[in-house]
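Report on one structure; see the data block that follows.
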Amino acid sequence: MPTLLISRDTVLPAVSLADVKAQCRIDASAEDGLLELLIAAVQQACEDQLGRTLMAATWETVLAGFHVCAGGDLPLARPPVRSVVSVKFLDAAGVEQTLDPAAYLLDNVSHPPRLVLAHDAAWPATPAVPNAVRVRFSAGYATPSDVPAPVRQWLLLHIGHLYQNREATSAQTLQPLPYADSLLDPYRLPTI
């Protein structure tokens, strides 16, 4: 079940440039561009490892039909899911329709979050074609301070590491910090 990034709602990173400069002990602004690039790269790596969205973004889950959902629920990747923008589907004639929001509920407490049918509702029939159902949703934390502190600390540690070790290879032996990756463990989600 592919989930596609539609757009980033904000360019706000999960950690600020000021926090990164403090972590790296940098006072000047000559390398701000490099640091901003490192922030974006490490944040993307973190999101991929966690299967989560750190800062607000719009995603779309694409399905071959409602029938592919085990138990009748539609799982949504990349939590925390904040809201469902739309559920669009192809009807029997192949015409795109929008499902009435009263037909489903967002369960954003379950892992993974999911759409469940409202009482006495049924998923509409769709033709057996690829991409017959598209669920567009908004996900991510509202502000950087909402991102869990251990995740922000992981970002700072890895940004600092990349800043100090800018080459793809090194003559010195770099030792991993096992505790650093364990900061993410409580926030990892299984892939769906």
Side-chain angles (χ1 to χ4, degrees), residues 1-62 75-86 106 108-113 134-192:
M1 168 179 54
T3 300
L4 313 166
L5 177 64
I6 301 301
S7 67
R8 289 280 175 189
D9 299 345
T10 179
V11 294
L12 191 63
V15 293
S16 71
L17 180 60
D19 288 343
V20 169
K21 289 172 86 167
Q23 173 75 20
C24 296
R25 296 178 182 95
I26 300 170
D27 294 324
S29 60
E31 295 191 284
D32 286 1
L34 171 63
L35 293 173
E36 289 168 349
L37 179 65
L38 294 176
I39 291 169
V42 172
Q43 184 167 316
Q44 179 67 53
C46 183
E47 287 182 338
D48 290 346
Q49 282 194 39
L50 292 178
R52 290 183 177 271
T53 303
L54 295 184
M55 299 308 298
T58 301
W59 293 89
E60 189 169 80
T61 294
V62 182
L76 302 173
R78 297 296 189 162
V81 175
R82 295 169 28 169
S83 65
V84 175
V85 175
S86 65
L106 171 62
N108 58 4
V109 175
S110 294
H111 292 291
R134 295 178 176 275
V135 180
R136 189 168 286 199
F137 59 96
S138 176
Y141 297 98
T143 67
S145 63
D146 293 333
V147 176
V151 174
R152 289 194 324 265
Q153 185 59 51
W154 185 93
L155 291 167
L156 291 170
L157 287 169
H158 283 78
I159 292 165
H161 174 77
L162 285 177
Y163 176 76
Q164 293 297 323
N165 302 284
R166 299 179 191 199
E167 304 300 324
T169 60
S170 175
Q172 66 186 38
T173 303
L174 300 176
Q175 298 298 319
L177 302 173
Y179 75 88
D181 284 338
S182 70
L183 291 170
L184 296 182
D185 288 347
Y187 308 98
R188 291 183 199 279
L189 295 175
T191 57
I192 58 171

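Fair warning: this is a prediction, and the values are worked out from it, not measured in the lab.
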Enter the distance from L162:CG to L35:CG here, rounded to the nearest 0.5 Å. 11.0 Å
Looking only at atom types and distance, does a side-chain atom of T53 sit under 3.5 Å from a main-chain N or O of R78, one as donor and one as acceptor? yes
So, Q23 versus Y163: side-chain donor-acceptor pair below 3.5 Å or not? no
First locate atom CG of D146, then atom CZ of R152, and finally report the distance between them rounded to the nearest 0.5 Å. 9.0 Å
I'd like to check N108 versus R82 (side-chain heavy atoms, cut-off strictly below 4.5 Å). Are they in contact? no
Atom CZ of residue position R166 - does it have more than 12 heavy atoms of other residues, nucleotides or ligands inside 6.0 Å? yes
What distance separates L38 CG from H161 NE2, expressed to the nearest 0.5 Å? 11.0 Å
Atom pair CZ/NE2 of R188 and H111 - distance to nearest 0.5 Å: 15.0 Å
Can you find a heavy atom in the side chain of K21 that is under 4.5 Å from one in the side chain of S29? yes
Closest non-hydrogen atom pair, S138 against V85: N-CG2, 4.2 Å
Taking C-beta and beyond as the side chain, do L76 and L106 meet within less than 4.5 Å on heavy atoms? yes
Rounded to the nearest 0.5 Å, what's the gap from CG on L157 to CG on L183? Could you check? 6.5 Å
Report the distance from atom CD1 of I39 to atom OG of S16, rounding to the nearest 0.5 Å. 7.0 Å
